[in-house]
Amino acid sequence: MLSRLSLCRRHPLCQHFAAVVAASRRPVATFEAAPVAPLTPPRQTPNVMHGTRLATDPRWRRRMREDLYRRRMLAGPEPERPRSVWSNWSRRAELSAAAHRLGLAGLAGFSQQWLDRVLTFRESAEADGVTADSPSANQNVSKGYELDDESSDSVAMATPPTPAESMPRDNAELVPTGRALIAEHCDRFLARELPHVPEDLREQAVSLLTSDQSLSFVAGHLGLAELLSGVDTRPSMLPLSVEADAFAALVASAKLCCPDVSEGDEAAWRLTRDFLLTRLHNSDINEWWTIGAQRRLPLLSESLAAAGFPADEPLEFRLMGQSAPESPVYSCFQVGLYIRREFLSSGFGETAAQAQDECVSEALKTLFDTADSRAPMNFKLTYADLASALE
Amino acid sequence: SRQMLPRVFLSQPLQNGVSRYTCQLKRITLKFCKFRPNSLGAREFIENGDFLEFARANPQVACYLKPRRNRPPVLQAEFANGSVQLARIDSFPAEFVRRWFWLMRGRSGDDLLPLHENLRSFHPSVQGVWTPFTFGRSVGLGDLPDSRHRPMSPSATELIQQLHRLQSARMS
């Protein structure tokens with residue numbers, strides 16, 4: 001039996017509409033790249049016709065809408081394209097805006113060309129060859145008219161650009177410098193803010209902070225992912241390590257572009273502090289490291305020794321309170337840790353053993369000064385304060 | 001309404017504002033038609049110089065103009081967290097277009113969803129959260145049956161015992 005929809009498709013108005021659409025089809029922004037396995041379109045159109053039934057439409061128009069919806073679903077999703085293929089893109093404008101957004105526009109020796117090179121990756125540019133047809137070349141061609149507003153340029157880039165000889169061709173050398181610099185910044189900051197935390201735990205926190213995932217998160221939120229050249233900037237094709245390298249190169253460039261060493265140090269430190277280290281804000285610092293179950297009691301003894309308690313002082317665990325101890329569901333035990341008859345910490349648990357474990361964790365937090373009641377971290381530190389604190 | 005939309009907690013992308021404030025608007029595109037009357041406000045906004053004023057005042061935002069024939073005017077704002085917001089400025093006066101521009105400049109790009117609370121703190125308690133043991137009491141300890149517990153109505157056993165006592169009293 002013929003369905004009503006097939007009757008509609010043969011309706012002259014429906015066919016006319018399809019012809020009009022085909023004739024007026026505009027060229028869609030295209031992107032030529034290595035073939036990527038496309039997202040498979042759904043084999044069957046879904047049953048729910050979302051937003052296709054309007055009570056005010058006549059029946060033939062309703063069916064036409066439903067048919068168009070079904071065709072669109074069969075055609076599959078839009079191909080993934082980098083932002084630079086659309087006409088509202090100008091690499092010069094984007095780099096200038098990025099420089100201002102990152103607070104680097106005022107630095108002596110910083111220019112748009114420098115930022116361009118900082119975000120250029122070498123391998124792909126050499127391998128593919130930057131030709132007129134290649135994807136990275138698209139980024140350099142602005143599609144429309146650019147307003148060469150001299151007043152805005154003079155506000156944006158006050159200093160003349162660095163001479164071409166001293167400018168690197170890409171960011172290959174900046175990346176390892178930047179990574180080391182970021183790790184050093186994080187380590188110094190945590191050493192200053194958490195002086196009582198042992199080094200191995202601090203290293204765990206630093207490695208989490210400087211991991212690819214963390215740095216690429218920051219780079220993505222700063223808008224660097226779209227500005228990279230020499231790599232495929234489509235989100236599904238861009239590896240995390242590349243984004244992380246972009247941020248690292250940026251930090252290194254902030255330090256190296258300034259002729260004045262202290263200004264460069266301060267600029268690089270501010271990038272790390274304001275974008276990466278603020279991830280520690282509003283998060284429990286104890287979540288940034290893991291203390292194994294076997295390590296807890298020995299660590300407690302070490303910390304107590306470091307805090308000034310002699311090693312032979314016994315740890316007393318006392319039952320401070322209990323509620324419904326016989327009940328399998330509602331039981332609650334409170335165990336307190338006393339040393340030298342002084343209260344150190346307390347913990348809760350469903351069994352006394354659990355409460356004791358919790359008590360040890362709380363004691364470690366007290367000794368490391370990472371409890372909830374500690375003062376917030378100082379994110380207004382300058383590089384001079386950071387360096388002086390360790391001397 | 002809160003029954004339809006999920007509620008979210010107050011937050012800023014990349015803890016914006018804790019250490020430094022970064023404008024979250026990356027680029028803004030004004031799409032308009034050069035002829036149709038519903039783009040009149042957008043065209044006036046450009047011709048009056050307000051667009052250039054916005055672009056000069058915000059060097060961190062890349063501003064684009066996109067004339068499109070036979071299409072209604074639209075403002076497309078792209079934010080640092082990757083979200084894109086569209087504002088339909090169909091038949092808006094130039095002043096309203098200007099206000100939409102400056103509104104987008106101040107947004108973070110997060111979806112406009114109802115908040116649980118207008119403030120958020122990861123340390124809501126200064127002295128410590130109350131527990132039943134805060135003031136040193138243990139609860140739930142004791143043996144049953146407890147003489148302090150008074151039943152509302154006599155139990156079946158007690159009823160039968162009462163009847164037996166009455167009967168014995170009558171019999172004797």
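So that the names make sense, note that chain A is the first sequence line, chain B the second, and so on, each numbered from 1.
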Engineer: Determine the option with the most heavy-atom pairs under 4.5 angstrom with chain B, choosing from A:Asp372, A:Leu222, A:Leu276, A:Asn282.
Structural biologist: A:Asn282
Engineer: Which bit of B:Arg20 comes within less than 4.5 Å of chain A, counting heavy atoms only: side chain, backbone, both or neither?
Structural biologist: both
Engineer: Answer with side chain, backbone, both or neither: which region of B:Val61 has an atom nearer than 4.5 Å to a non-hydrogen atom of chain A?
Structural biologist: backbone
Engineer: Would you please indicate if the ring centroids of B:Phe101 and B:Phe45 are separated by under 6.0 Å?
Structural biologist: yes
Engineer: Checking B:Ser125 against chain A: side chain, backbone, both or neither under 4.5 Å from a heavy atom?
Structural biologist: neither
Engineer: If you measure only the distance, is there a donor-acceptor pair under 3.5 Å linking the side chains of A:Asn286 and A:Thr370?
Structural biologist: yes
Engineer: Taking the side chain as everything from C-beta on, heavy atoms only, tell me whether A:Leu280 gets closer than 4.5 Å to A:Leu209.
Structural biologist: yes
Engineer: Heavy atoms, side chains only, cut-off 4.5 Å: are A:Thr366 and A:Arg374 in contact?
Structural biologist: no
Engineer: Where does A:Tyr330 contact chain B at under 4.5 Å (heavy atoms): side chain, backbone, both or neither?
Structural biologist: neither
Engineer: Hey, could you give me the OG/OH distance between A:Ser90 and B:Tyr64, rounded to the nearest 0.5 Å?
Structural biologist: 5.0 Å
Engineer: Name the region of B:Lys26, side chain, backbone, both or neither, that has any atom closer than 4.5 Å to a heavy atom of chain A.
Structural biologist: both
Engineer: Non-hydrogen atoms of chain B under 4.5 Å away: do they reach the side chain of A:Arg270, the backbone, both or neither?
Structural biologist: both
Engineer: I'd like to check A:Tyr338 versus A:Leu344 (side-chain heavy atoms, cut-off strictly below 4.5 Å). Are they in contact?
Structural biologist: no
Engineer: Can A:Ser214 and A:Arg279 be counted as having a side-chain donor-acceptor contact under 3.5 angstrom?
Structural biologist: yes
Engineer: Need one label for B:Glu78: side chain, backbone, both or neither, based on atoms under 4.5 Å from any heavy atom in chain A.
Structural biologist: side chain
Engineer: Identify which of B:Gln60, B:Arg120, B:Lys31 forms the greatest number of heavy-atom pairs closer than 4.5 Å to chain A.
Structural biologist: B:Gln60
Engineer: With a 4.5 angstrom heavy-atom cut-off, which part of A:Leu102 approaches chain B: side chain, backbone, both or neither?
Structural biologist: backbone
